[in-house]
Amino acid sequence: ARSAALVPSSGPKRNRGTRSPHDGQRSPKFLRDVFASSPGLSARDDFKNSVVPHDYMLSIYRTYSAAEKLGLNASFFRSSKSANTITSFVDRGKDEFSHSPLRRQKYVFDVSTLSDKEELVGAELRILRKPPEDALSSPSDLYNIELVSCGSARSLDSSTSVGLRNARNPAWEVLDVWDMFKSRLSTDHGGQLCMELRATVGQSDAEVDLRSLGFERRGRAQREKAILVVYARSRKRENLFNEMRENIKSSRGSRGSEQDTGLLFKARRRRR
Amino acid sequence: TALNNRHGKRHGKKSKSRCSRKALHVNFKELGWDDWIIAPLDYEAYHCEGMCDFPLRSHLEPTNHAIIQTLMNSMDPNSTPPSCCVPTKLSPISILYIDSGNNVVYKQYEDMVVEQCGCR
């Protein structure tokens, strides 16, 4: 038996959180472990295969289901912010491919599927920093990475800054975007959350090339992409049929061809 | 004395066993839910089955009403059926699934596993 990866309460502060790439991210063997109790994974539906669950979400699932077996409730863990629903949105952005330095990197997430029946309790952006061999190393070795709402001329409200010590090692940077998220909720942005990443070194305000710090998007595997993680607590007992109904609706929408409709009919009959 | 009442009969054979928790393995693949549930693909849910007949055992935690109903049934089976063998304690499970926006979601669902059965 492997101990559940429970985050100790004295763990690193959320917005300073540079994690080693293995914290919460497991090797492929971990994937087999997680699904060991669920045979037939290889026969997964094509629709589902197109979505590769992020290692962080698998780690969340494994930790909290192991805790359940110990009789603990997921919402007891500080890292879950007393949430019982955690939704991940994988970064689908692309950097403009050019040789000019990448001063700002835009992250846009469509969060319109978040249920308004749930109380949101936290949000964070997790970005894996993979420094190139010739990584920059400033004498102070202290870089500041900041997230600002798109269109902000400077790091205005709800910017998050994280010191990057030893910028040479790969690490998951965890940026708390809860304030930005709340301000977006208050002013309707139609389900879009847009943030810009920028980095400065030491006390200067000059923006550094993000590629040299390891934020290049090109060539990343699905599980190395940045994810926005939103924590929510459902006020009433979650009803399984909500999701089932949602999925029937969305599979009806996404499948058009005759063959698929046949599948849909079969799937619907099976579900009934 | 509890009389032999009609309610024990099921599929032609008498189910003598007292109210207790029995196995119920749930396979989401057989339910046709494996195209949106990532994990677990199966789990042990258990179910409650058996007789709530007189005298009721204390571990079945009967309500006062169930005690009265059981007494009434044991005196006159035609007056009322015996009380019911139902879950009295349930626990949650975690599910990792794909939502309608193709996002991976972790959710804890309450009342998914029977921990205890009792007469109500």
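The sequence lines fix the lettering, A, B, ..., with proteins before strands; numbering per chain opens at 1.
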NZ (A:K69) and OG (B:S91) are apart, to the nearest 0.5 Å, by 10.0 Å

Are any non-hydrogen side-chain atoms of A:S88 and B:Y106 less than 4.5 angstrom apart?
no

Determine, step by step, whether B:V104 and A:H54 satisfy the side-chain contact (heavy atoms from CB on, under 4.5 Å) criterion, reporting the C-alpha distance in whole Å, the side-chain angles of both residues, the deciding distance to 0.1 Å, and the verdict.
CA-CA 8 Å; B:V104 174; A:H54 211 277; over 6 Å; no

In terms of heavy-atom contacts, B:G101 and A:R92 come closest through O-NH2, 4.1 Å

For A:T85 versus B:V105, what's the shortest heavy-atom pair and its separation?
CG2-CG1, 3.9 Å

Crowded around B:H65 NE2? As in, over 12 foreign heavy atoms under 6.0 Å?
no

Under 3.5 Å, is there a donor-acceptor pair linking the side chains of B:N103 and A:T113?
yes

Do other residues, nucleotides or ligands put more than 12 heavy atoms under 6.0 Å from A:K106 NZ?
no

Walk me through it: do B:K107 and A:E118 pass the test side-chain contact (heavy atoms from CB on, under 4.5 Å)?
CA-CA 12 Å; B:K107 193 171 277 192; A:E118 291 167 342; 3.0 Å; yes

